[in-house]
Participant: 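Please read through the structure below; I'll follow up with questions.
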Amino acid sequence: MKLAPHNRFFAIFLSFLMVFTSLLSVSAQAGMVTTQQAVSQQFVEYDRGRLIEALNQDGVRDQLTNMGVDPAEIEQRISTLTADELAQLNTEIANMPAGQGVVGVLVLIFVVFIITDMLCATNLFSFVKCINK
């Protein structure tokens, strides 16, 4: 079968277009997300926001700076905390008496920093030795 020149060009163009689009197709996989998973993710983000909000208080930030801790590093470390660690920190902050909130938060964060230094996750304090080496 002989095609006219413009039909032949059109057929080649359509063939090329079909091959090109089939190469670019991406397969997607979907999975079921349970309500528990969706809600737990929301709680993690809420807990993380509450903790960062507590750290943004002037007294807390000043005390951490006086201890030699960079506030930007604190926020970065908070973003890497697991859901259980976030929940534990926020529970302890919520259970503190009203006047001891700033000092308690500082002590709690200091303890978390020491634990992460001991586990070799960070190297913030030179006096803390890594136990995993």
Side-chain angles (χ1 to χ4, degrees):
M1 173 169 148
K2 188 153 180 129
L3 295 174
H6 66 283
N7 285 343
R8 183 172 184 217
F9 173 76
F10 188 65
I12 291 173
F13 175 74
L14 287 179
S15 298
F16 174 74
L17 189 62
M18 267 186 8
V19 169
F20 183 71
T21 55
S22 67
L23 291 176
L24 292 180
S25 66
V26 178
S27 63
Q29 295 181 354
M32 295 295 293
V33 177
T34 64
T35 304
Q36 180 65 28
Q37 290 171 332
V39 170
S40 67
Q41 181 62 32
Q42 292 297 320
F43 277 124
V44 168
E45 294 303 320
Y46 177 73
D47 285 344
R48 187 169 283 125
R50 282 182 46 203
L51 187 56
I52 289 174
E53 182 180 305
L55 291 173
N56 285 332
Q57 295 175 0
D58 292 334
V60 174
R61 196 166 285 274
D62 292 342
Q63 288 290 334
L64 288 171
T65 304
N66 290 340
M67 294 170 106
V69 179
D70 183 23
E73 185 175 343
I74 293 170
E75 290 186 20
Q76 185 249 345
R77 291 174 88 175
I78 288 172
S79 67
T80 61
L81 291 175
T82 65
D84 293 335
E85 293 168 336
L86 279 171
Q88 179 184 2
L89 283 173
N90 280 320
T91 301
E92 290 182 21
I93 290 171
N95 291 335
M96 289 180 188
Q100 298 176 352
V102 173
V103 176
V105 168
L106 290 174
V107 170
L108 183 63
I109 290 172
F110 186 71
V111 169
V112 169
F113 287 162
I114 288 177
I115 291 171
T116 57
D117 278 359
M118 289 173 64
L119 295 175
C120 304
T122 59
N123 188 16
L124 188 63
F125 300 115
S126 60
F127 60 87
V128 177
K129 302 296 180 209
C130 179
I131 61 174
N132 288 336
K133 287 185 178 181

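Residue numbers count from 1 along this sequence. Excluded from the calculations below are hydrogen atoms, water molecules and symmetry mates; all remaining heavy atoms, backbone and side chain alike, are included.
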Participant: Can you name the side chain to side chain contact (heavy atoms under 4.5 Å, CB included) partners of Glu75, sequence neighbours left out?
Facilitator: Ile52, Asn56, Arg61
Participant: Linking I/L/V/M/F/W/Y whenever their side-chain heavy atoms sit closer than 4.5 Å, directly or via other members, would Phe113 and Ile115 fall into one cluster?
Facilitator: yes
Participant: With a 4.5 Å cut-off on side-chain heavy-atom distances among I, L, V, M, F, W and Y, is there a chain of contacts connecting Ile12 to Phe9?
Facilitator: no
Participant: Which value, rounded to the nearest 0.5 Å, describes the distance between Met18 atom CE and Phe13 atom CZ?
Facilitator: 12.5 Å
Participant: Using the side chain to side chain contact (heavy atoms under 4.5 Å, CB included) criterion, which residues pair with Thr34? Sequence neighbours excluded.
Facilitator: Gln36, Gln37
